[in-house]
Amino acid sequence: MTTKLLEINNLKQYFPIKGGIFGRTVNHVKAVDDVSFYVNEGETLSIVGESGCGKSTTGRAVLRLDDPTSGEITFQGDDLLALNKQQMRRKRKDLQIIFQDPYASINPRQTVRQILEEAMSIQKVLPKAERMDKIMELLDTVGLGSHQLDRFPHEFSGGQRQRIGIARALAVDPKFIVCDESVSALDVSIQAQVLNLLKQLQRDLNLTYLFIAHDLGVVRHISDRVAVMYLGKIVEIGEKKEIFDNPKHPYTKSLLSAIPVPDPSNQQERIHLKGDVPSPIDPPTGCRFHTRCPFATEKCKNEVPELRVTKDMTGTHQAACHHIEEIESGAKQPNY
Amino acid sequence: MSQNENVLEISDLRTSFFIEGDEIKAVDGVTINVPKGKTVGVVGESGSGKSITSLSIMRLIQHPGEIVEGSISMNGEDLLSKSERQMQQLRGNQISMIFQEPMTSLNPVYTVGEQISEVYRIHQGLSKKEALTKSVEMLELVGIPSPKERIKQYPHELSGGMRQRVMIAIALACNPELLIADEPTTALDVTIQAQILELIKKLQSQLGMSVFLITHDLGVVAETCDYVAVMYAGKIVEYADVHSLFRSPKHPYTVGLMQSLPRHDIDQEELNVIEGNVPKPGNMPDGCRFAPRCPFASDICEKRLPDLDELENGNKVRCWIYSDEWDGKAEVNVVDDYKTAGNQ
Amino acid sequence: MPETTIHQPVEKPRNPHIENFKNIVKRLKKNKAAMVGGFLILLFVITAFVGPYLVPFSAGEQVLVNKLQGPSAEHWFGTDHLGRDIFSRIIHGMSITLYIGFFSVVIGAIVGVIFGIISGYFGGKIDTLIMRAMDILLAFPGILLALGVVTILGPSLNNVIIAVGVFSVPSFARIVRGSTLSVKELEYIDAVRALGASDFRIIVRHVLPNVFSPIIVQATLRIATAILTAAGLSFLGLGAQPPKPEWGAMLSDGRNYIFDAGHVALFPGLAIVIVVLAFNIFGDGLRDALDPKMKS
Amino acid sequence: MFVFTIRRILQTIPVLLGVTILVFLMMHLVPGDAAQIIAGEAASQQTIEQIRERLGLNDPLPMQYFNFLLNALQGDLGTSIQSGQEVTEEVFSRFWVTLELAFYSMILSVFIGLIAGIISAVRHYTLTDALTMIIALFGLSMPNFWLGLMLMQWFAIELKIFPVSGWGSPEQIVLPVIALGTAGAAIIARMTRSSMLEVISQDYIRTARAKGVKERYVIYKHALKNALIPVVTVIGLEFGTLLTGAVLTETVFSINGLGRYIVESIQARDFPAVQGSVLVVAVIFIIVNLLVDISYRFLNKRIDLN
C-alpha cells in the first residue's frame, strides 16, 4: 500500500520585478505557475526540465526556502504553509535538501565534525553525549573515513564534499530529501558513486526523494516517477518507464531526442525545436510550448491544456497536450 | 588513417604551470593528429588536461603556464617556433576557437556587429562597412534570425544559445581550416545543445574544415566525432576511431567511464563506478596514472608507465594488459570483467 | 606482495578556530608586503609603549634658548619654537596616533558591521532605511562630517575619535552589506536554514565568520585614513590641543616657522607618512592574502 | 535609461532632505546658547531675547527646521555672525576658487592616475609596476597639508620658483594643485591597475586573443573600456575627497576659498556660516555623484537589465 508523503496543490511561485521610476513591482517572473503533484513514501519523484523551467524553484518552495506565492503543501497531513516560523523550523527535521554545488554548499570555515554537530544541535537530535557516535556512524554511511572528522572542506574533493552534504542532511534523520541537481556538478565517474550512494541510502533508510535534475540519464537511473516541467508548468508526469518509453508530450519527446546517445551506431531521429525558451516574465498564452512546438495549432495558442490521461497510458501517466491522439495516430504531421 | 593528410599534428606536448617553484604538468606528453575535414574529439574528466591542450595549440597559455616541450605543427609548419605576430595572423584566420562559456566570452561593451567585424578588419583588411555587411551574412549563416537588427545589439541582450552562435560566427568568419571547440555546449540546455552541434556539423561540411572538439560528454563524442582521444591525468590513454571506441573500448578507464554513465536510452540496474578520485597534479603515481583506481592493476602497472602503443587496427592504447610484459591475470576482457574485477 | 590493507592513520583532533587562524597566518607569511607592514606596525606599537621611557627628553620639556635648532647629535630631529626636542615628542606622540587610529576604527567598525549585516541579511525596508541613512552620512565628504561632529562636541582628542569613527561607519556598513549579500546567496546558508537554524544563529555562526576577512582588511586600511583625518583635524586646531605631542598639531606649529626652520614641519609629517604607509601596506597584503576578490 | 535617470534623481531627494536635517540638527545640538554667542559675552538679557526672537529660536524645533529649509530653498542661508553678511553671498564669492582648485586637481589626478595605472597593469610583474605602485602607496599615505607645506618650503621658500600663497595666477595654482591632486592620482592609479588586471583575466579577452587581435589592441580596445567602468565611480567619489582636501590645502596656502571659510567659521563659532557652507558642499557632492552614477550607467549598459 503506497501512502502519499507529500502533496502539492496549485503551487505558484511568482517573483516580483521592480522597475519604473518609483521602483514598484511592475511585473512577475512566473517561475512556477500552478503545479500539482504528490510523492509517495519511499519513492523517488524526479522533476526534469531545462534551465528556467522552475524545477529548482519548486524544490525550494516545497521546503519553504522561498515562501511560495500561493498553493498548498501537505506533508504527512500537515499543511506546511500554515506553520509559523518556529513550527516550520522544527518541521525541518523531516525535510532536508542536498544541493548542487559541492563548493558553495558547505561552510568553508567549519570542519566536518562541526557541520554535523551543528545540524544535530539545531534539531536537538540525541543527547549531546551520544552525538559523537552518531557522527562516526554518518561518516561511515556516506563513505568517508573517521580520520577525516576534523578536516576542512577545502581538504576534500568535489565528490567527497557532496558526501559531507549528504551526511549533513542525514544527521537529523529526515524522512524526505530534496536533491537539487545534487550530482550535476560532478564528473561522470564521481557522479556514479554518489548516485549509487543515494540509491543505497534510500533502500536502507526508507527515504523519499524529490530529485531535481536536467540530465535525463541520471533521472532514468534514479527515479520511480518523473515529472517534466516546461516554463513553470508540468507538461507530463508518470512512471519512469512510461515517460522514457512512451512519452506523449511533444516537449518530452523532443527533449529525449535531443540528448546525444553514447553509441555512434545507434543515432536516433531528432525532433528539432525552434528557437529558445521564452521568458517566464511574459510566458506564451495557451500551451506554453506552442511557440516551439512542431504540432502547434490555433487551439494551442488560446487554450491552456490540462494534464490528462489518454488510452494507451498506463499507471499514473498524464500529459498536458491538446493533440496527443492526433499526433499518435499520425493524423498530425510536424510542421518544421 | 595514416594515409590521410593531417591538418594538425601534435607530438609529445608538455604544458606546465609553475606555481611557487613547482612544475605542475597539466598536459604531459600528448601526441595527437587531426586529419583534414575530420572531427577529432578529446574526452576526459575535469583536470585531465584537455582544455590546456586546446589552448596550447592556439598558443594562448597565460602566465604562469608555459609550453615546455613538444611540437605542434599545422600543415607542416611548426606553430611553436612562430613569432607572436605570426601567431596573431593565424588565430581567428586559419585556426579558430570557441569556448565553453558563451555568457562571458563576448566583450560586454561592444556590439555583436563590432565583434564579428573586427575579425574581417584584422585578417582581410576590409573597411568598416564591408566588414559589417560580411558580419550580417555570417550571422545569417549561423542561423540568427533578423541579423541586421541583431548586429546592433550588445551581448547581454542575447540568450546563451544566441551568444554561442555569435561566437561560432566570429570563429568561422575567415573560413578557418581548423576549429577548436572547447566544451562548446556544456553550458547550454540539451535542446540548444542539439541545435549548436547540428550547426557545427552543417558548417563543417559546408566549409570543409577540421574540428578539434573538447568535451566531457560521451554522447556528444559519439554523435559528432570521427576519432576520439581519451585523456586521463594529463595523458592520452586511448585513441581510436569512434566506432571501435564505443564497440570495444580497450583502456580500463574508458570502460569505467562508459559503464558509470547513466543512460537515458536504456535501463541499467546499478552503475559501475570508478573507485577513488583523480590524482592531484602535484602527486602523480609513478606507474600508470590510472593504476590506483584500476580494477585490473597489477605490479607492473604500479611501477612503470605504459606507452601509447598502436594496435593492429591502427588505434592506440596506453595499457600494460595489451603488451607482452603483462604480468596480471591472463585473458582479461576489460568490458565484461570490469565490474567483477572491481568487486574483488 | 606489497602491503594492501589500507591503513588510515588516526589524526589528532584539531581545534577549528586554531586551524582557521593558522591558515590565515600561513597565507600572510607568503605575502612579503603584509609581513613588512605587520612588522612595522608591531615596531610602532612597541615604540608607543616603551619609547617614551627611552627617549632623552620628555614631551613638554622646554629649553627656550635652544629653540628652532636644526637636527644635531643632541636633537636628532632638531627643536621646535619652544625648544622642545622634536624626536622625543614624535616618540611620545606615537601612542596618541595609534590610539586615535585604533579606537576610531573600532567604533566605526562595530556600528558599521551591525548596520551592514542587518541591512544585507534582512533586506527589504530596513535595508533601504539603513542604506539611505548611510547615503546621508556619505554625502558629507570625508573630513566635513568629522568637522561637524567636532563643532558640536568641541575640540578634544576623544571627540576626534568619535568624529572619525562616525565618518568610517558608512564604509564599513557598505562593505559588510555587500559581503553579506554575496554570502547569503551561497547554498550553505540555505542548507543551515533548511536544518531549522534561527536567523540569529545563521548571522553569528555562518555569515559573520565569512565576512570577517573584508572587515579586517577594511579596518586596517581605515586606520590609515583615520590617522590622516585626525591629523588633519589637529592641524586645523580642532583636534588634540597643545601642548599634547600630537603630530598634526606639531605640524600646525611648524607651519608658523616654515620660513626659518623647515625641519619643524618635516619630521612630524614624515612620522605620519611612515605610520600610515605601514597600515596601508599591511592592509594591501591582508587583502591579497585573505580576500583576493576585494578591490582597492 | 530615461527611467533610471529619473529614478536616480528622485532617490537623491530623501538624501538631500536628510542632509539638511543633519546640518540643521548639528548646529542646534551645539552646547551653549546660540543667541548668547551671537550677541557676545557682554550683551544684556534683553538683546539676547531680541536676537532669539529674530532668529526664531523660540519656535519649536520642527518649525525652525521648516523655516530653515524654506529659506535655504530660496537661497537664503542666513546671516554670518562674524561679518554680518549674507551667508549665501559669502559662500558663493569663495565657492569658485574652491571649485577651480578641485577641478584642476581632479584633472591632474585623473591624468596621472590613469597613465600610471595602465602602465603598471600592462607591465605587470616588472620593476616599473613595482615602482609605480610604491610611489602610489606613498602618495596615498601622505597628508596633503604636509605635502603642501613641503612643496611650499622647497619650491617657494628655498628655490623661489612659485609664490608662497594665494590663488589666481598660473604660478599660484601649481603647488596647491599638486598638493591636493597627489592622493587622488594615487588612488586612481591603484584602482585602474587592479581593474585592468581583473579585466585582462576575463573570458572575452581570451576571445579577443583567439581572434588574432594584436596585444596592443587587446589592451587598449578590449580591456581598457571595460576596466574604466569601475574607475569612473572612484573618480566621482574622489571629487568629494578633493572638496575635503581643499579645506586643508586652502589653509596651508592661504587661499580664500570655501574650505578655509568653513574652518574660520568653525573656529569663530559662526554657526549660520558653518551651516550654510557645509550644506552647499554636501549638496554639490551629492550632485556630482548623481552625475557620475548616471554616466556610469551610460557607460555600462549591462546594468540596465537587472
Side-chain angles (χ1 to χ4, degrees), chain A residues 48-53 143 156-160 183 185-197 199-200 213-222 240-241 243-245 251 254-268 270-279 292, chain B residues 43-48 145 158-162 185 187-195 197-198 215-226 228 241-247 253 256-278 280 293:
Chain A
V48 282
E50 297 176 283
S51 47
C53 72
F156 292 94
S157 68
Q160 290 171 316
V183 296
L186 306 174
D187 273 323
V188 183
S189 67
I190 307 298
Q191 173 178 295
Q193 296 173 358
V194 175
L195 278 176
N196 284 351
L197 173 64
K199 269 193 139 179
Q200 184 206 330
H214 67 275
D215 184 327
L216 284 152
V218 170
V219 166
R220 178 165 195 155
H221 185 70
I222 197 142
K240 166 172 73 178
K241 197 131 191 62
I243 298 291
F244 281 92
D245 296 340
Y251 177 66
S254 55
L255 197 61
L256 283 168
S257 81
I259 311 163
V261 180
D263 184 351
S265 51
N266 184 25
Q267 292 295 311
Q268 53 197 130
R270 183 153 288 168
I271 303 169
H272 295 273
L273 285 189
K274 297 170 271 186
D276 288 320
V277 183
S279 155
R292 299 174 80 199
Chain B
V43 68
E45 297 180 286
S46 40
S48 60
L158 305 178
S159 69
M162 284 295 168
T185 57
L188 305 173
D189 279 321
V190 272
T191 56
I192 309 297
Q193 163 169 292
Q195 295 171 353
L197 290 179
E198 206 72 34
T215 183
H216 69 279
D217 188 330
L218 287 169
V220 171
V221 169
E223 183 159 306
T224 50
C225 299
D226 300 301
V228 189
D241 65 275
V242 73
H243 288 280
S244 314
L245 186 86
F246 282 90
R247 204 181 319 117
Y253 174 67
L257 206 56
M258 286 177 180
Q259 295 191 357
S260 61
L261 182 70
R263 303 265 298 255
H264 74 283
D265 55 334
I266 48 172
D267 277 320
Q268 296 147 293
E269 252 321 292
E270 182 99 340
L271 296 174
N272 250 342
V273 300
I274 303 177
E275 297 293 345
N277 292 292
V278 179
K280 295 214 169 80
R293 302 175 75 188

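Letters A, B, ... are given to chains in the order of the sequence lines, protein chains preceding strands, and every chain is numbered from 1. The figures that follow rest on heavy atoms only: side chains count, while hydrogens, waters and symmetry mates do not.
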List the steps and the verdict of side chain to side chain contact (heavy atoms under 4.5 Å, CB included) for B/D267 and A/K241. CA-CA 9 Å; B/D267 277 320; A/K241 197 131 191 62; 3.6 Å; yes
Contact origin within B/L188 toward chain A - heavy atom pairs under 4.5 Å: neither
Could you tell me whether the side chain of A/Q193 and the main chain of B/G276 form a donor-acceptor pair under 3.5 Å? yes
Among the listed options A/G217, A/G143, A/G158, the residue most often paired with chain B at heavy-atom distances under 4.5 Å: A/G217
Has the side chain of B/Q195 got a donor or acceptor atom that lies under 3.5 Å from a matching backbone atom of A/L273? yes
May I ask you to decide if B/F246's main-chain N or O and A/D263's side chain share a donor-acceptor pair within less than 3.5 Å? no
Answer with side chain, backbone, both or neither: which region of A/L256 has an atom nearer than 4.5 Å to a non-hydrogen atom of chain B? both
What residue in B/L218, B/N277, B/T224 has the most heavy-atom pairs under 4.5 Å with chain A? B/N277
Who wins among B/H216, B/E270, B/M258 for the most heavy-atom pairs under 4.5 Å with chain A? B/E270
Taking all non-hydrogen atoms of both residues, which atom of A/V188 and which atom of B/S260 are closest, and how far apart? CG1-OG, 3.6 Å
Is it the backbone or the side chain of B/E45 that comes under 4.5 Å from a heavy atom of chain A, or both, or neither? both
Region of A/S51 in contact with chain B, defined by heavy-atom distances below 4.5 Å: both
For A/S189 and B/R293 the tightest heavy-atom approach is OG-NH2, 3.3 Å
Would you mind checking which part of B/V221 comes under 4.5 Å of any heavy atom in chain A, side chain (CB onward), backbone (N, CA, C, O), both or neither? neither
Please look at B/Q259 and chain A and tell me whether the side chain, the backbone, both or neither of the residue comes under 4.5 angstrom of a heavy atom of that chain. neither
On a heavy-atom basis, which atom in B/V242 and which in A/P264 lie closest, and how many Å separate them? O-CG, 3.7 Å
At a 4.5 Å cut-off on heavy atoms, which part of B/R247 comes close to chain A: side chain, backbone, both, or neither? neither
Ignoring hydrogens, what is the shortest heavy-atom contact between A/E50 and B/D189? Give both atom names and the distance. OE2-CB, 3.1 Å
Kindly compute the distance separating CD (B/E275) from CD1 (A/I190), expressed to the nearest 0.5 Å. 9.5 Å
Enter the distance from B/R263:CZ to A/R220:CZ here, rounded to the nearest 0.5 Å. 10.0 Å
Gap between atom NE2 of B/H264 and atom CG of A/L255 - 0.5 Å precision: 9.0 Å
Would you please test B/M162 and A/D276 for side chain to side chain contact (heavy atoms under 4.5 Å, CB included) and show each step? CA-CA 9 Å; B/M162 284 295 168; A/D276 288 320; 3.9 Å; yes
Between A/A192, A/A258, A/P260, which shows the greatest number of heavy-atom pairs under 4.5 Å with chain B? A/P260
Residue pair A/P262 / B/L261: nearest heavy atoms and the distance that separates them: CG-CD2, 3.6 Å
Gap between atom OG1 of B/T191 and atom CD1 of A/I259 - 0.5 Å precision: 10.5 Å
